[in-house]
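Contents: one structure, followed by commentary.
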Number of protein chains: 2
Amino acid sequence: MLNKNVFLKKYFLMTRSEENYLKTIFHLGGGDSKSITTNAIAEQMETKPSSVTDMAKKLAEKGLVNYVKYQGVSLTNSGVKTALSIIRKHRLWEVFLVEKLDFSWDEVHEVAEQLEHIKSEKLIDKIDELLNFPKYDPHGDPIPTKDGKFQERDKKLLSEMAINATGVCVGVKDSSVPFLKFLDKNKIALGNSIKVLDKEDFDNSLRIQLEGKEIRISHQIASNLYVKKND
Amino acid sequence: MLNKNVFLKKYFLMTRSEENYLKTIFHLGGGDSKSITTNAIAEQMETKPSSVTDMAKKLAEKGLVNYVKYQGVSLTNSGVKTALSIIRKHRLWEVFLVEKLDFSWDEVHEVAEQLEHIKSEKLIDKIDELLNFPKYDPHGDPIPTKDGKFQERDKKLLSEMAINATGVCVGVKDSSVPFLKFLDKNKIALGNSIKVLDKEDFDNSLRIQLEGKEIRISHQIASNLYVKKND
DNA sequence: AATTAAATTTAGACAAAACTAAAAATAGAT
DNA sequence: ATCTATTTTTAGTTTTGTCTAAATTTAATT
């Protein structure tokens, strides 16, 4: 390979693996200059701590993370920027899959994991435009703008809402396939109106009104559903 | 990695590099049980013959190519099937980029080279459906169906058409960026009606009527434009 | 048929990204 | 403050896909 390309690769071009590390570190909170341990990263990525150490050095070399031996890693400004651009792509592709290709929300993650690594600024900007610049992905998570800004929605876990409070379902905390499939089966979707009718002290289960219909849900479920309170 | 996965990887899962080799061998004619030399493949892929030899062995091991030392490679049935599925994805993505995201036809190839490797049968079938099952890509090349069938259109190079013959521009032979940009600049597009008015013996240039307007084009251009003759 | 030129393969090396096992550093508990 | 358990790093190995240089085979020419 040409010398110039070796240089570019070493300092500018991101590999898929590097992008995945940055994304994981961001999700573990490494964007707030908090140090994330190699163990935590390894566990999240289902890899070994020694592999994380290797990558930490490489990312530090590129100026994407701060890495101090035995002290874990945190993202630099440049690292945050890069992580957000990958998360932006991931979430926009998820919206695309649901809105334009009728994927169900439990199917999108795996495919978006691949699509997020496609390198073309024009492509993702056009997808953004096609979707009319959505602010949230199918799980209710906010989509960063092109310049890396995004706003977490003012939301509460359903399990923490007061009796008689009303709101709209805006997101999920657990976005695993089994949970999403459960919600589908029980016809619970983002945008649904919710009113808390009653709480059962014994098992913390809830009686709620969902789009007018009265149903009962367990604490497990209620503590993984985000609701935006009506003012 | 688990033993099962090693097995899957060795015999079933395709890497990006393997897919690119299969595609190249197909494009060089290796689908018609014709032997393609390692040199030809290396040149096309801008790599070295020794690298091709390595890959030839691996693909043979997977049953995707027939490889005899010093004799070159040809695709097996399984290899053709795989190559066609990659070409199908490439061409469908090209249509998507042009039709849905307003890419110009000289911009699509590079991005489609990445998108063709996304692994999701559902994704590409849904894209196919969204595009209403197109038969040709933006350069006029046929898109294989899901079961690997495709029909080359009955077409002729513009340079080979008789004087006074009429037809419709249906494809390009050279799909390089400079040529496509040239066509754009001169407002020559697929679907345009064409009538050959006159041939210049001296330099083989043509006088043609394009969508009613009379223009002159060089032999270079005419021998890279495909036309479907009107019956 | 022998010789030479070209094409192809082998052998050995490298970089990326992972791993294992062993060594080193840190943190917690007494 | 020391010892121990845990965490983290180092060192060395593996796999994939590439490369160079050397060796081998094929093809072409006389």
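- Donor-acceptor pairing under 3.5 Å, judged by distance alone, is present between the side chain of A/S50 and the base of C/dT20.
- The interatomic distance linking A/E46 (CD) with C/dA18 (P) rounds to 13 Å, in whole Å.
- Per the geometry, NZ belonging to B/K57 stands 15 Å off P belonging to D/dT18, to the nearest Å.
- In this entry the distance linking NZ of B/K69 with P of D/dT25 reads 8 Å, nearest Å.
- Cation-pi check for A/K156 over A/Y226 is not met; the charged atom does not lie both under 6.0 angstrom from the ring centroid and within 45 degrees of its normal.
- Across all strands, A/T38 comes closer than 4.0 Å only to sugar-phosphate atoms, never to a base (heavy-atom distances).
- Proximity of A/Y67 to the phosphate of D/dT8: no side-chain N or O atom is located under 4.0 Å from OP1 or OP2.
- Using a 4.5 Å cut-off on side-chain heavy atoms (C-beta onward), B/N20 and B/H117 make contact.
- Between the P atom of C/dA15 and the CZ atom of A/R16 lies a distance of 23 Å, rounded to the nearest Å.
- Residues passing the salt bridge (Lys or Arg N to Asp or Glu O under 4.0 Å) test with B/E113, sequence neighbours excluded: B/K23.
- Within 4.0 Å (heavy atoms only), B/S51 reaches at least one base atom of the nucleic acid.
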Report the C-alpha separation of A/D125 and A/R88 in whole Å, then their side-chain angles, then the decisive distance to 0.1 Å, and conclude whether the salt bridge (charged side-chain N to carboxylate O under 4.0 Å, His left out) test is met.
-> CA-CA 10 Å; A/D125 289 345; A/R88 166 179 158 78; 3.1 Å; yes
Can you give me every donor-acceptor pair (side chain of residues 34-46 of chain B, partner residue at least two apart or in another chain, under 3.5 Å) with its distance?
residue	atom	partner	partner atom	Å
B/S35	OG	B/Q71	O	3.1
B/T37	OG1	B/A40	N	3.1

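- Using a 4.0 Å heavy-atom distance criterion, B/S17 is classed as a sugar-phosphate-only contact.
- Atom NZ of A/K48 and atom P of D/dT9 are 16 Å apart (whole Å).
- D/dT8 atom C1' lies 12 Å from atom CG of A/D54, rounded to whole Å.
- Between B/Y70 and C/dA6 there is no side-chain polar atom (N or O) within less than 4.0 angstrom of OP1 or OP2.
- Applying the 4.0 Å criterion to OP1 and OP2 of D/dT10, one finds that A/T53 has every side-chain N and O outside that range.
- As rounded to whole Å, 9 Å separates atom P of D/dT9 from atom CG of A/N39.
- In this structure, B/E43 places its CD atom 10 Å from P of C/dA7, rounding to the nearest Å.
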